[in-house]
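Atoms within each ligand, like the ligands themselves, are counted from 1 in listed order.
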Amino acid sequence: MNRVFLVPVFVSIFAIQAAWVVYTQNAKPPGPLRIEKVKGELYMISGEGGNVAVYVTSEGVVLVDDMFDRNHADILAQVKSVTDRPLKYVLNTHQHDDHAGGDLKMLLIAEVIAHRNARANLVHIRQPYYEDTPGTPIGLPRITFSDETSVFLGGQEVRAKYFGRGHTNGDAVIFFPDLGVIHTGDLFLGRRAGRGGSPAQTRPPGVNIYVDYAQGGSFLEWTRTLDGVLTLTFDTVIPGHGPVSTKDDVVKFRADLETMRNRLAGMVRQGQPKTEVLKTLETDYGWRSTGCPPGPPTAGCLQFQQSDAMIAELRQ
Ligand SMILES: [Zn+2]
């Protein structure tokens with residue numbers, strides 16, 4: 001027997017088994033989902049992971065994103081509660097597992113479309129599952145686009161646009177031109193109102209953003225990307241996370257992002273030590289920096305774990 005040949009085979013079988021054991025040990029039960037009407041025949045499913053858009057046309061259904069792998073059956077049940085028409089297309093806003101984690105199962109029943117960089121990240125990095133689903137099998141979209149593509153179904157158009165880097169280097173914004181609605185993925189995050197009518201937040205803005213440098217994200221370019229998004233004609237926004245929002249909310253988010261970025265870049269360029277930058281991120285923006293391991297990607301520690309890359313970019 002050829003030992004040189006056998007060793008890599010055994011190693012790879014072991015790696016697959018190890019990944020499966022990690023996945024099955026860590027697999028969470030799915031959380032409950034709900035569906036609400038956004039406008040016309042457009043709905044939003046929320047409750048766990050990223051928001052899913054459901055667009056019902058006379059010829060079938062177009063989804064934007066498909067949450068975690070574990071949410072697949074409930075997503076189909078939520079769609080079924082508003083229409084009997086078949087699911088035809090799924091557009092991914094990006095490759096993170098809370099948005100595109102259901103792709104493998106969706107590929108069996110629909111066409112999945114993503115930006116070419118999102119697919120390339122899935123192929124080359126093989127770690128889209130950065131939070132709590134390590135080892136989940138990856139589903140690769142069969143169709144990609146560079147700048148723009150459209151799905152035409154039942155006389156309606158759903159347009160996917162790429163405006164540049166931000167949350168990752170493959171963030172698609174999905175535009176429903178007949179309705180004046182966009183789905184932003186994680187380029188924009190909605191803010192929930194505070195309890196009892198109190199202000200939605202007490203910390204300075206920008207608290208929730210995550211620049212995924214490992215997958216091509218950019219804090220410096222994010223606002224320019226949002227400037228492109230704001231050239232579209234829309235009044236209603238399905239954010240990556242959070243409640244249905246307005247164009248004004250995106251304008252404010254962009255301004256807040258710029259203020260936060262300029263403040264942090266100022267600290268870095270003045271030569272303030274990393275500990276000071278991290279302290280500001282923790283106290284003023286809620287980015288947890290203490291008690292976090294350097295890796296692997298850990299829920300609650302994602303921003304901190306890429307703070308070196310962020311500081312390096314802000315120094316430019
Ligand atoms: Zn994301």
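- Residue contacts to the Zn ion (ligand 1): His94 brings an N, O or S atom closer than 2.8 Å.
- The pair Lys252-Asp256 counts as a salt bridge, with a side-chain nitrogen and a carboxylate oxygen less than 4.0 angstrom apart.
- Ion pair Glu258/Arg261 flagged as a salt bridge, since at least one NZ, NE, NH1 or NH2 atom sits closer than 4.0 Å to an Asp/Glu carboxylate oxygen.
- Salt-bridge check for Lys105 with Asp66: failed, with every basic side-chain N at 4.0 Å or more from each acidic carboxylate O.
- Centred on the Zn ion (ligand 1), the angle running from His167 (NE2) to Asp186 (OD2) is recorded as 90°, rounding to 10°.
- Annotation: cation-pi geometry not satisfied between Lys161 and Phe175 (NZ/CZ under 6.0 angstrom from ring centroid, within 45° of ring axis).
- The atom of His96 that is an N, O or S and sits closest to the Zn ion (ligand 1) is ND1.
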